[in-house]
Amino acid sequence: MNKQSIFLVGPMGAGKSTVGRILAEKLGYEFIDSDHEIEARTGVTIPVIFDIEGEGGFRARESAVIDDITQLPGLVLATGGGAVLSADNRRHLAARGFVVYLRSTVPALVQRTKNDRNRPLLQTDNPEAVIAHLLTERGPLYEEVADLIVDTQQASVFRVVRHIQDQLVREGVVA
Ligand SMILES: Nc1ncnc2c1ncn2[C@@H]1O[C@H](COP(=O)(O)OP(=O)(O)O)[C@@H](O)[C@H]1O
Ligand SMILES: O=C(O)C1=C[C@@H](OP(=O)(O)O)[C@@H](O)[C@H](O)C1
Ligand SMILES: [Mg+2]
């Protein structure tokens, strides 16, 4: 029987890429990061895609990756923070796997994403305001698709991984 895949959603800096990789290792699952998959398919970085094709072009590529990858069993998928903006993406995520929402506070997210040049949406003189606005806009969308919500602001990466593992066993998602 195919192992149900696990999809991580949440804002920039929540830990989807970091926690996802370690969680996949612990579970013996394949790990896929949708941003990395987009970069592999295009041969360029996320900021270059935003420069050339705009956010709209990026979102189209992101949706194609989400539709493809969510059909695969036995993996941990780290989505990008804006993946939930698309209703089709939300439908695929909710229907095809177990969705974990890594939730955090604005101060923690600001702290974890500062000085990172790979997030085009945060290359502004007020990243805190952008992060707060995106959380207000997208928070309900993360909650809509989540099977499990994990608050990460006070926990280490390893504590978050262990908590998710325990919950996955409790819910019968993993053995
Ligand atoms: N629970 C946590 N506690 C402390 N630092 C964290 C935590 N989760 C992630 N980080 C750090 O925050 C930064 C962003 O994490 P990342 O996995 O890239 O987030 P996302 O993929 O959700 O944008 C990384 O430097 C990561 O090590
Ligand atoms: O929140 C967003 O709209 C984005 C989040 C990023 O991924 P992370 O959440 O892994 O940083 C990446 O997909 C892109 O920069 C857009
Ligand atoms: Mg990431």
Side-chain angles (χ1 to χ4, degrees), residues 6-26 31-42 44-70 75-87 89-90 93 99-124 127-142 145-146 148-167:
I6 296 146
F7 307 140
L8 303 185
V9 301
M12 287 181 268
K16 302 180 296 298
S17 297
T18 305
V19 165
R21 181 176 300 281
I22 298 167
L23 177 67
E25 209 175 287
K26 298 279 187 190
F31 173 66
I32 295 180
D33 185 298
S34 64
D35 282 346
H36 296 166
E37 180 64 20
I38 293 165
E39 291 178 334
R41 292 186 182 192
T42 58
V44 295
T45 64
I46 302 294
V48 168
I49 297 171
F50 269 73
D51 280 348
I52 295 175
E53 298 181 344
E55 183 174 351
F58 171 78
R59 295 297 172 207
R61 294 183 182 280
E62 183 177 54
S63 289
V65 165
I66 295 284
D67 187 15
D68 291 346
I69 304 294
T70 51
L75 60 85
V76 173
L77 169 65
T79 65
V84 294
L85 290 170
S86 147
N89 291 350
R90 294 198 303 276
L93 289 164
V99 182
V100 180
Y101 167 18
L102 297 186
R103 187 166 60 184
S104 197
T105 59
V106 171
L109 297 171
V110 169
Q111 174 61 28
R112 295 176 191 171
T113 56
K114 67 181 185 192
N115 311 321
D116 185 329
R117 314 288 294 166
N118 285 316
R119 297 179 172 97
L121 296 177
L122 298 186
Q123 304 317 304
T124 75
E128 183 164 355
V130 170
I131 288 173
H133 168 72
L134 292 178
L135 202 50
T136 303
E137 178 193 36
R138 299 167 176 187
L141 303 179
Y142 297 132
V145 299
L148 170 68
I149 299 178
V150 181
D151 284 309
T152 74
Q153 61 272 14
Q154 299 292 337
S156 70
V157 167
F158 294 100
R159 279 273 311 272
V160 171
V161 170
R162 171 50 53 86
H163 177 73
I164 296 170
Q165 272 185 283
D166 292 347
Q167 292 298 105

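Starting from 1, each residue takes its place in the sequence as its number. Numbering of ligands and ligand atoms starts at 1, following listing order. Below, all heavy atoms of this structure are taken into account, side chains as well, without hydrogens, waters or symmetry copies.
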TODO: Could you list which atoms of ligand 1 come closer than 4.0 Å to a heavy atom of Ala14?
DONE: 8 (N), 19 (O), 22 (O)
- [ ] Could you say whether the N/O atoms of Gly81 and ligand 2 ever approach to under 3.5 Å?
- [x] yes
TODO: Determine whether any heavy atom of Gly80 lies closer than 4.0 Å to an atom of ligand 1.
DONE: no
Task: For Asp68, all residues meeting side chain to side chain contact (heavy atoms under 4.5 Å, CB included), sequence neighbours excluded - done: Arg41
Open item on the list: Show me which atoms of ligand 2 lie under 4.0 Å from any heavy atom of Phe58.
Closed with: 13 (O)
Open item on the list: Using side-chain heavy atoms (C-beta onward) and a distance below 4.5 Å, is Ile46 in contact with Asn118?
Closed with: no
- [ ] Answer yes or no: is there a side-chain heavy-atom contact under 4.5 Å between Thr124 and Pro127?
- [x] yes
TODO: Kindly indicate whether atom 23 (O) of ligand 1 is approached by any protein heavy atom to under 4.0 angstrom.
DONE: yes
Open item on the list: Could you report the tightest heavy-atom contact between Ile38 and Glu62, atom names first, then the distance?
Closed with: CD1-CA, 3.7 Å
- [ ] Looking only at non-hydrogen atoms, find the nearest pair between Ala24 and Phe31 and report the distance.
- [x] CB-CB, 3.6 Å
Open item on the list: Using a 4.0 Å cut-off to any heavy atom of Pro11, which atoms of ligand 1 qualify?
Closed with: 22 (O)
Task: Element-labelled atoms of ligand 2 that are located less than 4.0 Å from some non-hydrogen atom of Gly80 - done: 7 (O), 9 (O), 13 (O)
Open item on the list: I need the protein N, O or S atoms closer than 2.8 Å to the Mg ion (ligand 3), given as residue plus atom name.
Closed with: Ser17 OG
Task: Side-chain heavy atoms of Val161 within contact of Glu25, under 4.5 Å - done: no
- [ ] Give the residue, atom name and distance (to 0.1 Å) of the protein heavy atom nearest atom 12 (C) of ligand 2.
- [x] Asp35 OD2, 3.1 Å
Open item on the list: Please give me the minimum heavy-atom distance between Ala83 and Thr79, naming the atom from each residue.
Closed with: CB-CB, 3.9 Å
Task: Per-atom contacts of ligand 2 with Pro120, taking only distances under 4.0 Å to non-hydrogen atoms - done: 15 (O)
Open item on the list: Can you confirm whether the side chains of Arg112 and Thr152 place a donor and an acceptor under 3.5 Å from each other?
Closed with: yes
TODO: Determine, considering heavy atoms only, which of Ala108, Gly10, Gly15, Ala155 sits nearest to atom 3 (N) of ligand 1.
DONE: Ala155
TODO: Between Ser156 and ligand 1, find which residue part has any heavy-atom pair under 4.0 Å and reply side chain, backbone, both or neither.
DONE: backbone
Open item on the list: Does only the side chain of Ala78 get under 4.0 Å from ligand 1, or the backbone, or both, or neither? Count heavy atoms.
Closed with: neither
Open item on the list: Tell me if the CZ atom of Arg162 is crowded by more than 12 foreign heavy atoms within 6.0 Å.
Closed with: no
Open item on the list: In this structure, does ligand 1 have an atom that sits under 4.0 Å from one of the heavy atoms of Arg119?
Closed with: yes
N/O donor-acceptor pairs under 3.5 Å from side chains in residues 7-17, not counting sequence neighbours:
{"residue": "Lys16", "atom": "NZ", "partner": "Gly10", "partner atom": "O", "Å": "2.9"}
{"residue": "Lys16", "atom": "NZ", "partner": "Pro11", "partner atom": "O", "Å": "2.9"}
{"residue": "Ser17", "atom": "OG", "partner": "Asp33", "partner atom": "OD2", "Å": "2.4"}

Open item on the list: Are Leu109 and Leu135 packed together at the side-chain level, in the sense that at least one heavy-atom pair is separated by less than 4.5 angstrom?
Closed with: yes
Task: Polar atom proximity, Gly13 to ligand 1 (N or O, under 3.5 Å) - done: yes
Task: Any side-chain heavy-atom pair of Glu53 and Phe58 under 4.5 Å - done: no
Task: atom 11 (O) of ligand 2 [closest protein heavy-atom partner, distance rounded to 0.1 Å] - done: Arg119 NE, 2.7 Å
Open item on the list: Counting only heavy atoms closer than 4.0 Å, does ligand 2 sit against the backbone of Arg138, its side chain, both, or neither?
Closed with: side chain
Task: Any Ile131 side-chain heavy atom under 4.5 Å of Arg119 side chain - done: no
Open item on the list: What I want to know is whether Lys16 and ligand 2 share at least one N or O pair that is separated by under 3.5 angstrom.
Closed with: yes
- [ ] Using side chain to side chain contact (heavy atoms under 4.5 Å, CB included) as the criterion, list what pairs up with Glu128, not counting sequence neighbours.
- [x] Val106, Val110, Asn126
Task: Contacting atoms of ligand 2, where contact means under 4.0 angstrom from a heavy atom of Leu121 - done: 2 (C), 3 (O)
TODO: Search all heavy atoms of Leu121 against all heavy atoms of Val130 and return the closest pair with its distance.
DONE: O-CG1, 3.6 Å
Open item on the list: Please classify the Arg59 to ligand 2 contact at 4.0 Å (heavy-atom distances, strictly less than): side chain, backbone, both or neither.
Closed with: side chain
